[in-house]
Amino acid sequence: MIEPKTPHLSNIEKWRKWKTEKDIEAKKQLIEQYLPLVDYVKSRMAIGLPKTVSKDDLYSNGVMGLIDAIEKFDYERGLQFETYASWRIRGSIIDGLRQGDWVPRSVRDKAKRIEEAYQLLEQKYLRSVSDAEISSYLNVSENEYNVMLQEIAVTTICSLEDPIREEESETRLSLLVDEKAKNPDYKVHEFYLKESLMKGIERLTPKERTVISLFYYEELSLSEIAEVMSLSPSRISQLHSKAILRLRGALAKNKDQLLQNT
C-alpha cells in the first residue's frame, strides 16, 4: 500500500504547527527548508581556517545550530529567522571548533591582550588609536604587532554567542535577541548596545569600515574584498582582525556601562 505524501505546508503554517502542536513533520520541513543556510554559513566560515579542519564537522555543527534556532525561535515576534539562525549556526560551528582545541591558548591570549589594549586606549583617548600606539602599549615593534594580527586572524571569527567576558555567561547575542524582551530593562540594554556599536564603528579607520561593510553586509569573501580594495588577502585579514577587536572592546565597555546603570 502506497503511503500518502505529506502535504506541503506554507512557511507560516509550518511554524504554527511546530510551535503550537509540536508537529515533528513540520519541524522536519523547516529543517530541510533552511539547510542551505547551514551550507552558506559553513562555506563563509571555512575561508581562512586551517586545512586540517573538517568541512563535514563544520556542517554537522551548523546543522545542530539550525535545529537549536528552530526550537528557540519565536515566529510571532515578527523577526527574520534567517538572521537569527545565522548567528546560532555560527555559534554552534565555533563551539565545535573550540571543542576541537584547534587554536593554541597562546594565540587566544594574544587576541585578548590586543582587544584589551584597544578598549583601554580608545577609552582613554576617545579616538581611534594607531598601530604605533597599540604596539607601544604591548611593548612590541609594529612588525611584531602585524605578525600577531596574522596569528590571531582565525580567532576573530566573531560569534554573538561568545561571552562578553570569559568569566561570564552573558553573551553578545543575549543583548541583541533578548528572550525576556518584555522586561523593562530591555530598552536600556538595547540603547547602550547600539550606542557602543555606533561609537565603535565611528572609531574604525576608513579601510576597516570598508572591510566590515563588504564582509558582513555585502557578504563578500576576504579574497573578493582583497580584489575590490586592491590589497593583499593578508592585509585584508589584518584589517578585519583589527576592526573586530576594536568592536569587541566597544561591546565589553558596553557591558561595564550596563553594570554601572543597574
Side-chain angles (χ1 to χ4, degrees), residues 37 40-49 80 82-91 93-94 97 103 110-123 125-131 133-134 145-146 148-164 171-173 175-177 190-255:
L37 186 60
Y40 174 75
V41 174
K42 180 263 296 181
S43 298
R44 282 174 55 78
M45 292 184 69
I47 298 172
L49 291 176
Q80 188 172 7
E82 287 84 348
T83 302
Y84 176 77
S86 292
W87 286 114
R88 289 286 182 186
I89 292 167
R90 286 168 62 87
I93 290 174
I94 290 173
L97 289 170
V103 178
K110 288 178 183 178
K112 185 176 181 181
R113 285 178 60 204
I114 296 175
E115 179 180 337
E116 289 176 346
Y118 274 119
Q119 181 188 356
L120 293 171
L121 292 180
E122 295 195 342
Q123 185 173 356
Y125 296 121
L126 300 178
R127 60 171 172 78
S128 177
V129 293
S130 66
D131 289 357
E133 289 171 316
I134 292 290
Y145 172 59
N146 286 327
M148 290 173 69
L149 287 174
Q150 286 298 114
E151 290 176 344
I152 69 172
V154 291
T155 72
T156 56
I157 302 171
C158 189
S159 170
L160 290 188
E161 298 209 32
D162 289 346
I164 293 176
T171 66
R172 296 175 173 93
L173 182 64
L175 294 176
L176 281 176
V177 184
E190 185 179 46
F191 171 78
Y192 279 114
L193 175 64
K194 289 181 178 178
E195 183 180 52
S196 295
L197 282 175
M198 286 174 62
K199 288 180 179 179
I201 291 172
E202 287 172 0
R203 288 178 186 164
L204 297 181
T205 66
K207 287 183 179 178
E208 289 169 359
R209 281 199 297 269
T210 299
V211 169
I212 292 298
S213 176
L214 292 176
F215 188 73
Y216 292 101
Y217 294 95
E218 300 301 325
E219 300 188 339
L220 299 184
S221 68
L222 295 181
S223 58
E224 289 171 334
I225 296 172
E227 292 183 16
V228 170
M229 297 180 68
S230 299
L231 295 170
S232 68
S234 62
R235 178 58 179 154
I236 296 299
S237 179
Q238 286 181 348
L239 290 168
H240 175 262
S241 295
K242 288 195 290 184
I244 291 300
L245 291 170
R246 286 188 204 270
L247 293 176
R248 283 181 178 174
L251 286 169
K253 181 183 176 184
N254 166 76
K255 176 62 178 179

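Worth saying up front: this structure is predicted, and the values here are computed from it rather than measured. Positions are given from 1 along the sequence. Side chains included, hydrogens not; waters and symmetry mates left out as well; all remaining heavy atoms used.
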Ignoring hydrogens, what is the shortest heavy-atom contact between L37 and E82? Give both atom names and the distance. CD2-O, 3.8 Å

Roughly how far, to the nearest 0.5 Å, is the CD1 atom of I212 from the CG atom of L247? 6.0 Å

Sidechain-backbone polar pair: R246 side chain, L204 backbone, donor-acceptor under 3.5 Å: no

Tell me the closest heavy-atom pair linking A111 and I152, and the distance in Å. N-CG2, 3.8 Å

List for me each residue that meets salt bridge (charged side-chain N to carboxylate O under 4.0 Å, His left out) alongside E133, sequence neighbours excluded, and say none if there are none. R127

Decide yes or no for K242 and Y118: does some side-chain heavy atom of the first lie under 4.5 Å from some side-chain heavy atom of the second? yes

Just to verify, what does N146 make a side chain to side chain donor-acceptor pair (under 3.5 Å) with, not counting sequence neighbours? none

Rounding to 0.5 Å, atoms NZ (K42) and CD1 (I89) come to a distance of 12.0 Å

When rounded to the nearest 0.5 angstrom, what is the spacing between CD1 in I225 and CG in L214? 5.0 Å

E224: which residues meet the side-chain contact (heavy atoms from CB on, under 4.5 Å) condition with it, sequence neighbours left out? L220, S221

Would you mind reporting whether S237 and H240 have side-chain heavy atoms less than 4.5 Å apart? no

Test of understanding: with side chain to side chain donor-acceptor pair (under 3.5 Å), list the residues that count as partners of R235, not counting sequence neighbours. Q238

Nearest-0.5 Å distance that lies between atom OG1 in T210 and atom CZ in F215: 15.0 Å

One should read off an interatomic distance between E208 CD and I201 CD1, to the nearest 0.5 angstrom, of 12.0 Å

For A226 and S232, work out which heavy atoms get closest and say how close. CB-C, 4.0 Å

Heavy-atom closest pair (S241 atom, L149 atom, distance to 0.1 Å) is OG-O, 3.9 Å

How many angstroms lie between atom CG of L239 and atom CE of M229, to the nearest 0.5 angstrom? 6.0 Å

Could you tell me whether the side chain of R248 reaches within less than 4.5 Å of the side chain of L245, counting heavy atoms only? yes

Please identify each residue that fulfils ring pair (Phe, Tyr, Trp, His ring centres under 6.0 Å) with Y145, with sequence neighbours left out. none

Once salt bridge (charged side-chain N to carboxylate O under 4.0 Å, His left out) is applied, do any residues pair with E151, and if so which ones, sequence neighbours excluded? K110

